[in-house]
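Count residues from 1 along the sequence. Computed from a predicted model, the values in this text were never measured in an experiment.
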Amino acid sequence: NKKRAKEFLVRLLYVEMLGHDGSFGYIKAVELAASQSIVHKKTGYLVCGACLAPEHEFRFMLVNQMQRDLSSSNVLESGAALVAATNLITSDMVPAVQGEVVKLLDHTSETIRKKAVIAMHRFHQLAPESVTKSDLASRLRRILCDRDPGVMGSSLNAIEAMAVVDPMPYKDLVPSLVSILKQICEHRLPSDYDYHRVPAPWMQMKIVRILAVLGKNDAAASSGMYEILADCMRKADVGINVGYAIVYECVRTATAIYPDPALLEAAAEAISRFIGSRSQNLKYLGLTGLAGIVEGHPQYAAQHQMAVIECLEDRDETLQRKTLDLLYRMTNPVNVEFITEKLLHFLRGTTDTYLRRSLTARICRIAERYAPTNAWYIKTVTELFEIGGDMVSPDVAQNLMSLIAEGTGEGDGGDEEADMLLRQNAVEVYARLLHQRPRSRLPRVLLETMAWVLGEYAYLSADYALDDILAELCDAVNTGKKLETSTRRFLATAVMKLVAQAGTCPPHAAQVIDECSRSKDPELQRRCLEFQALLTSAPHLLGEVLPVDASCEDVDVDPDLPFLDNYVAQALAEGAREYERPEDDDDDDYDAGDIGGGGGGGFKMTPYEKPTAPGAGAFNRNMGGVGSGAASASGITPPPGGDYGGSGAMGGAAAPAPTVDPNTGEPQLVLRGNVANVWGKGGLNTGAGAVPAAPAPAPAYGGFSAP
């Protein structure tokens, strides 16, 4: 019963959707696709297209059936076969059905022609060697002029996809597309294609997107689009969502093609109305469109700056992020102060860690790029340190300290006065901040920057005395129990510099240095111990070791160390030994050119002399008379260095006679009587006495006693 089979296949489709295996019913779907009933045929094609994998063998069983349906005179069967072909055909099957689909491009039914266009585009994607690019392009040109708007619209998808890959073959279609878009805007299409009184909105958007691809970086092609794009954008702004979609696509196209000032200004004006809307969706759309304009043409968005900033007050986080991104893109030397102030205000109130990190990095970039003055940059970065804390990159602090130390770097003369004023302003800012804010609330990067600036230039302050700043720094060291090691180094070094500048060491400064000299950090401990040694033994050298405003001075180092000449001469006069440079190792003098030669450090490639066999009596001479007969007969030479003769180290004492095992008749090793502990079979044996060793094969020359 095919009716029940249809119902079962529908249930099988649900089984597959739930994740279970329904392969037991695939063959029934193939059989149902061959049914004469169009309902059953569509059901069979649907289940096969949804369930059969691309490599499934059942797909090949459907090729003949699709060929018959494609050549059928029944429009419903042809339409079902075209839909099935886009879902079931693989690259190997394309040649089998391509001819039938090409014939259907000229079918009398517009529905069949439309589906045939879609099928041909799919075949090109699957097998570009069968449906070539040039062949498909020629057919699309002809279909673009089809008398039915639906067939013409179906070709737009294929043209856009092909133009994105290679726009050159479709450049000459710009006049035709402009003409079609003009007819649509003038309501020349049947009213069946209208949507809320907007003529064929999806066709308009598709054509506008194609024009954006074809007009990119092409002034000649873009010149014919300006008028129709402005007209389309003006007529689409009717206050409904589909009209807003067309306006947005026109704005994107206006920013993508070769720029036209009048069109860009109209696009910015149109998109700005979205930003002022009460709908959050339209606001987001407006911010996105305005960001596209700002990216290439920022001058057209400057007048909408206030409307963009108002979007920061919206509670929608997605809208806030998009607004921040747009403000970052809109920043220029003219509005950098205003926008940075707004960004810092927003950063102070947000708690999103990711947003804070991203916003902190962006504020750093725009402050470094567009800072109107150095004083403003110092003030802004200091405020960013205070708000952003450790999210600020250490490189920013390093750049700030370099700016304060080096100044403008534009020469001498009048600039030096400006640099000193800049340093004085920085000192006043940091001294006030150190005096007014609790130390525990100061971020690490800010506290380190303050310590360095005050240690170098605290003497420039007009509002705070040097002793007061020194006391504040000492208090920061004492109250900061959880300070980082690097921060303690900065603070301790600043205290040392101020002590050197003041010429005296107050008790609180001495206490800080003494405590830091017992620190677990070896670097901090070394600095404090060296400073204490200078303070006690050579206080007059503090000004030279820690000079004022010498951070940018180059240190000249003479490797000959001439200042030690007098000391060396005095030591030599008192009898000290003169220093001798150690000889270089041969390995250091290796030269590849000496390989194989007789040079000093090269490899010796000459082979060793061939060893000669020992002559008769050699063993006797080495053994000193011990076992001379057996040694001479065997030609064995004992190891050198032993004294086996009567004139050796034993003072002429004769070696003990070898013993023989009465059972085996083999010689045994006899130990001297002064051996206290012997390891034998039973373990460790204490006491004197001979312990027989395990029997061993007798050597060819007989046995000998151990020395």
(message) For the CD atom on E317, are there more than 12 heavy atoms of other groups (residues, nucleotides or ligands in this structure) within a distance under 6.0 Å?
(response) no

(request) For the pair N425 (side chain) and L422 (backbone), establish whether a donor and an acceptor sit closer than 3.5 Å, ignoring hydrogens and angles. (result) no

(message) Please evaluate residues L535 and I513 with respect to the criterion side chain to side chain contact (heavy atoms under 4.5 Å, CB included), reporting the C-alpha separation (whole Å), side-chain torsions for both, the decisive distance (0.1 Å), and the verdict.
(response) CA-CA 11 Å; L535 194 62; I513 296 173; 5.5 Å; no

(request) Using the six-membered ring wherever Trp is involved, compare the ring planes of W452 and Y457 and label them parallel, tilted or perpendicular (cut-offs 30° and 60°). (result) perpendicular

(message) Between D475 and A471 (side chain of the first, backbone of the second, donor and acceptor by atom type, cut-off under 3.5 Å), is there such a pair?
(response) no

(request) Grab the two heavy atoms, one from C364 and one from V392, that are nearest each other, plus how far apart they are. (result) SG-CG1, 4.1 Å

(message) Could you walk me through whether L473 and M450 satisfy the side chain to side chain contact (heavy atoms under 4.5 Å, CB included) test, starting with their C-alpha distance in whole Å, then the side-chain angles of each, then the deciding distance to 0.1 Å, before giving a yes or no?
(response) CA-CA 10 Å; L473 290 174; M450 293 168 57; over 6 Å; no

(request) Given side chain to side chain contact (heavy atoms under 4.5 Å, CB included), test V396 with F385 step by step and report yes or no. (result) CA-CA 9 Å; V396 179; F385 286 162; 4.1 Å; yes

(message) How long is the straight-line distance from CD1 of I378 back to CH2 of W376, given to the nearest 0.5 Å?
(response) 12.0 Å

(request) Start with the C-alpha gap between E523 and R526, add the side-chain angles, then the distance that decides, and say whether salt bridge (charged side-chain N to carboxylate O under 4.0 Å, His left out) holds. (result) CA-CA 5 Å; E523 175 65 21; R526 180 187 63 81; 2.6 Å; yes

(message) Could you tell me if the side chain of L546 sits less than 4.5 Å from the side chain of L534, heavy atoms only?
(response) no

(request) Please tell me if the side chains of K379 and V429 come closer than 4.5 Å, counting only heavy atoms from C-beta onward. (result) no

(message) Are the side chains of L470 and P506 in contact, using a 4.5 Å heavy-atom criterion?
(response) yes

(message) Could you measure the distance from the CG atom of L355 to the CZ atom of F346? Nearest 0.5 Å is fine.
(response) 5.0 Å

(message) Using only atom types and a distance under 3.5 Å, with no angle test, would you say the side chain of R356 pairs donor to acceptor with the backbone of T351?
(response) no

(message) I'd like to know if the side chain of E456 reaches the main chain of K497, judged simply by a donor and an acceptor atom lying under 3.5 Å from each other, with no hydrogens or angles considered.
(response) no

(message) I'd like to know if the side chain of N478 and the backbone of C474 have a donor-acceptor N/O pair within less than 3.5 Å.
(response) yes

(message) I'd like to check L433 versus L446 (side-chain heavy atoms, cut-off strictly below 4.5 Å). Are they in contact?
(response) yes

(message) Testing the 3.5 Å rule here: is there a donor-acceptor pair between the side chains of T487 and E448?
(response) yes

(request) May I ask you to decide whether E383 forms a salt bridge with R348, counting only side-chain N to carboxylate O separations under 4.0 Å? (result) yes

(request) Taking S519 for its side chain and E515 for its backbone only, find out whether a donor-acceptor pair lies under 3.5 Å. (result) no

(message) So that I can tick it off, tell me whether D521 and R489 are bridged by a salt bridge, with the cut-off set at under 4.0 angstrom between side-chain N and carboxylate O.
(response) yes

(request) Working to the nearest 0.5 Å, report the span between CD1 of I363 and CD of E341. (result) 11.5 Å

(request) Find out whether D514 and Q532 are in side-chain contact, i.e. whether some heavy atom of one side chain is under 4.5 Å from a heavy atom of the other. (result) yes

(request) To the nearest 0.5 Å, tell me how far T449 OG1 sits from L442 CG. (result) 11.0 Å

(request) Can you measure from CG (L498) to CD1 (I469) and round to the nearest 0.5 angstrom? (result) 7.0 Å

(message) On a heavy-atom basis, which atom in L400 and which in V381 lie closest, and how many Å separate them?
(response) CD2-CG1, 4.0 Å

(request) State, to 0.1 Å, how close V499 and T504 come at their nearest heavy-atom pair, and which atoms those are. (result) CG1-O, 3.5 Å

(request) State, to 0.1 Å, how close S486 and R444 come at their nearest heavy-atom pair, and which atoms those are. (result) OG-NH1, 4.2 Å

(message) Can you confirm whether K520 sits close enough to T485 that some side-chain heavy atom of one is under 4.5 Å from a side-chain heavy atom of the other?
(response) no

(request) Report the C-alpha separation of Y464 and R432 in whole Å, then their side-chain angles, then the decisive distance to 0.1 Å, and conclude whether the side chain to side chain contact (heavy atoms under 4.5 Å, CB included) test is met. (result) CA-CA 9 Å; Y464 297 90; R432 188 180 308 109; 3.9 Å; yes

(message) I need the minimum non-hydrogen distance between S517 and L529, along with the two atoms involved.
(response) CB-CD2, 3.8 Å

(request) Please tell me if the side chains of T382 and Y430 come closer than 4.5 Å, counting only heavy atoms from C-beta onward. (result) yes

(request) State, with a plain yes or no, whether a side-chain heavy atom of F338 is found less than 4.5 Å away from one of I309. (result) yes

(message) Any side-chain to backbone donor/acceptor pair from D560 onto P562? Under 3.5 Å, distance only.
(response) no

(request) Taking all heavy atoms of E428 and all of D463, pick out the closest pair and write down the distance. (result) OE1-OD2, 3.2 Å

(message) Return the CG to NZ distance between N335 and K342, rounded to the nearest 0.5 Å.
(response) 13.0 Å

(message) Between R329 and D325, does the salt bridge (charged side-chain N to carboxylate O under 4.0 Å, His left out) criterion hold? Intermediate values first, please.
(response) CA-CA 6 Å; R329 295 170 182 266; D325 180 70; 3.0 Å; yes

